[in-house]
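Order of appearance sets the numbers: ligands from 1, and atoms from 1 within every ligand. Side chains are part of it too, since the values below use all heavy atoms of this structure and drop only hydrogens, waters and symmetry mates.
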Amino acid sequence: MLQNIRVVLVGTSHPGNIGGAARAMKNMGLSRLVLVDPAQFPHHEADARASGASDILESAQVVATLEDALVGCNLVMGTSARDRRIPWPLLDPREAGVKAVDHAAQGEEIALVFGREYAGLTNEELQRCHYHVHIPSDPEFSSLNLAAAVQVLAYEARMAWLAADGQASKIEKVEVTSVRSSELATMDEMEKFYEHLQATLVNIGFLDPEKPRHLMARLRRLYGRSAVSRSEMNILRGILTETQKTANGEPYKRKDQ
Ligand code: SAH
């Protein structure tokens with residue numbers, strides 16, 4: 001179950017932190033590390049800090065963008081040391097651990113995303129997440145070391161997993177009431193949908209690219225809450241295609257005519 005949870009480190013500058021994160025993960029039974037454009041990797045400092053967790057570094061996947069790191073994911077949680085301008089569904093690490101394990105138990109793919117040491121995650125990156133997770137640190141000194149933040153989230157995932165172990169009935173119940181994970185649209189499919197939606201909204205004059213007013217962020221938040229299935233995604237894409245056709249001057253024609 002824990003193998004469905006990947007840890008994504010974005011733009012890490014210090015290789016030592018990558019090693020520290022790998023060790024924190026291995027201690028808690030997590031194994032999948034994805035590195036988005038790390039400044040230095042592989043690196044002897046990463047190996048040194050990983051201690052006995054070098055297998056996690058060896059199997060780490062290195063990719064160019066956050067989008068690449070999230071391919072195949074159903075649920076994305078982004079960690080942040082501070083508040084951002086657009087309010088977003090917010091979890092504490094305990095809630096995040098429970099949610100990650102609940103979804104992983106249904107075969108979903110989960111990503112826990114961590115930001116750069118100096119700048120965290122960008123607003124755009126945070127908007128790719130379904131939830132934000134904040135470790136309730138002292139507001140006067142709120143930013144944890146990157147590997148320490150990974151440790152907190154990995155620990156909570158483990159605690160939730162230990163608590164859920166042997167509670168198969170609870171997991172089965174969730175399964176019958178929600179869309180099966182194999183039917184959920186993945187992050188990459190959602191990204192294509194957002195591109196299509198944005199193009200359509202510009203097309204029909206609803207979105208002014210000069211004055212976007214956080215519209216796409218708000219729509220991402222809306223759809224992000226909805227656990228959209230593949231067949232629902234096909235309906236939405238179909239609506240957009242027809243909207244574009246009409247906006248481009250094609251006359252309205254019923255399918256059965
Ligand atoms: N100056 C940056 C701090 C980045 S710390 C900022 O303001 O965002 C590096 C990373 O560690 C963060 O991007 C986040 O992933 C994680 N992190 C640090 N402190 C955290 C906290 N209190 N809650 C959640 N994540 C935290």
Side-chain angles (χ1 to χ4, degrees), residues 5-28 30-41 43 45-46 49-50 53 56-57 60-70 73 75-101 109-160 187 217 220-221 224:
I5 303 176
R6 66 184 87 168
V7 168
V8 178
L9 305 184
V10 180
T12 312
S13 348
H14 296 299
N17 280 335
I18 300 177
R23 182 175 185 174
M25 287 170 61
K26 185 159 172 151
N27 285 144
M28 298 299 127
L30 297 180
S31 52
R32 286 171 57 202
L33 178 61
V34 185
L35 305 172
V36 178
D37 192 26
Q40 294 173 300
F41 186 81
H43 194 275
E45 273 180 43
R49 285 274 303 280
I56 297 203
L57 295 182
Q61 202 189 340
V62 180
V63 296
T65 64
L66 177 58
E67 205 173 335
D68 296 331
L70 300 182
C73 265
L75 177 66
V76 182
M77 303 191 195
T79 54
S80 171
R82 62 195 157 106
D83 282 348
R84 307 280 158 157
R85 260 180 73 195
I86 297 200
W88 214 257
L90 186 67
L91 302 174
D92 67 32
R94 194 141 303 167
E95 294 165 325
V98 169
K99 195 170 273 297
V101 166
E109 288 283 326
I110 327 295
L112 304 176
V113 184
F114 296 84
R116 299 157 189 83
E117 289 93 333
Y118 302 109
L121 294 167
T122 63
N123 282 337
E124 196 187 308
E125 287 162 346
L126 281 164
Q127 284 165 16
R128 283 176 192 251
C129 303
H130 296 98
Y131 293 95
H132 293 168
V133 185
H134 176 66
I135 300 164
S137 44
D138 188 331
E140 300 295 317
F141 191 60
S142 66
S143 177
L144 278 77
N145 165 264
L146 173 60
V150 172
Q151 183 74 77
V152 172
L153 270 285
Y155 169 75
E156 290 296 347
R158 183 167 191 81
M159 288 302 281
M187 289 306 286
R220 276 175 181 274
R221 196 172 49 186

Review point. Do L112 and I5 pass the side-chain contact (heavy atoms from CB on, under 4.5 Å) test, and can you show the C-alpha distance, the side-chain angles, and the key distance before you say yes or no?
Key: CA-CA 7 Å; L112 304 176; I5 303 176; 3.8 Å; yes

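- Taking only nitrogen or oxygen atoms, main chain and side chain alike, T79 reaches within less than 3.5 Å of ligand 1.
- With sequence neighbours left out, the side chain to side chain contact (heavy atoms under 4.5 Å, CB included) criterion links V62 to L35, P38, F41.
- Classified by interplanar angle (parallel below 30°, tilted 30° to 60°, perpendicular above 60°), the ring pair Y118/H14 is perpendicular.
- Taking 4.5 Å as the limit, some side-chain heavy atom of M187 sits within range of a side-chain heavy atom of H130.
- Contacts between S142 and ligand 1, counted as non-hydrogen atom pairs separated by less than 4.0 Å, involve the backbone only.
- Taking a cut-off of under 4.0 Å to the non-hydrogen atoms of E117, the atoms of ligand 1 that pass are 3 (C), 4 (C), 5 (S).
- Residue V113 has no nitrogen or oxygen atom sitting less than 3.5 Å from a nitrogen or oxygen atom of ligand 1, judged on distance alone.
- Looking at S80 against ligand 1, only its backbone comes within 4.0 Å, counting heavy atoms.
- The salt bridge (charged side-chain N to carboxylate O under 4.0 Å, His left out) test applied to R158 returns no partner, not counting sequence neighbours.
- Numbered from 1 in the order shown, with element, the atoms of ligand 1 that lie under 4.0 Å from a heavy atom of S143 read 3 (C), 4 (C), 5 (S), 19 (N).
- For a threshold of 3.5 Å applied to N or O pairs, the pair formed by F114 and ligand 1 contains no separation below that value.
- Contacts between R82 and ligand 1, counted as non-hydrogen atom pairs separated by less than 4.0 Å, involve the side chain only.
- Annotation: side chain of L126 is in contact with side chain of H132 (closest heavy-atom distance under 4.5 Å).
- For ligand 1, the atoms sitting less than 4.0 Å from at least one non-hydrogen atom of V133 are 24 (C), numbered in the order shown with element in parentheses.
- Residue-to-ligand polar distances place Y118 within reach of ligand 1: an N/O pair is separated by less than 3.5 Å.
- Between V36 and D68 there is no side-chain heavy-atom pair separated by less than 4.5 Å.
- With E95 contributing its side chain and D92 its backbone, the two residues share a donor-acceptor pair below 3.5 Å.
- For ligand 1, one of its N or O atoms has an N or O atom of S137 under 3.5 Å away.
- Considering backbone and side-chain atoms alike, A81 places every N or O at 3.5 Å or more from each N or O of ligand 1.
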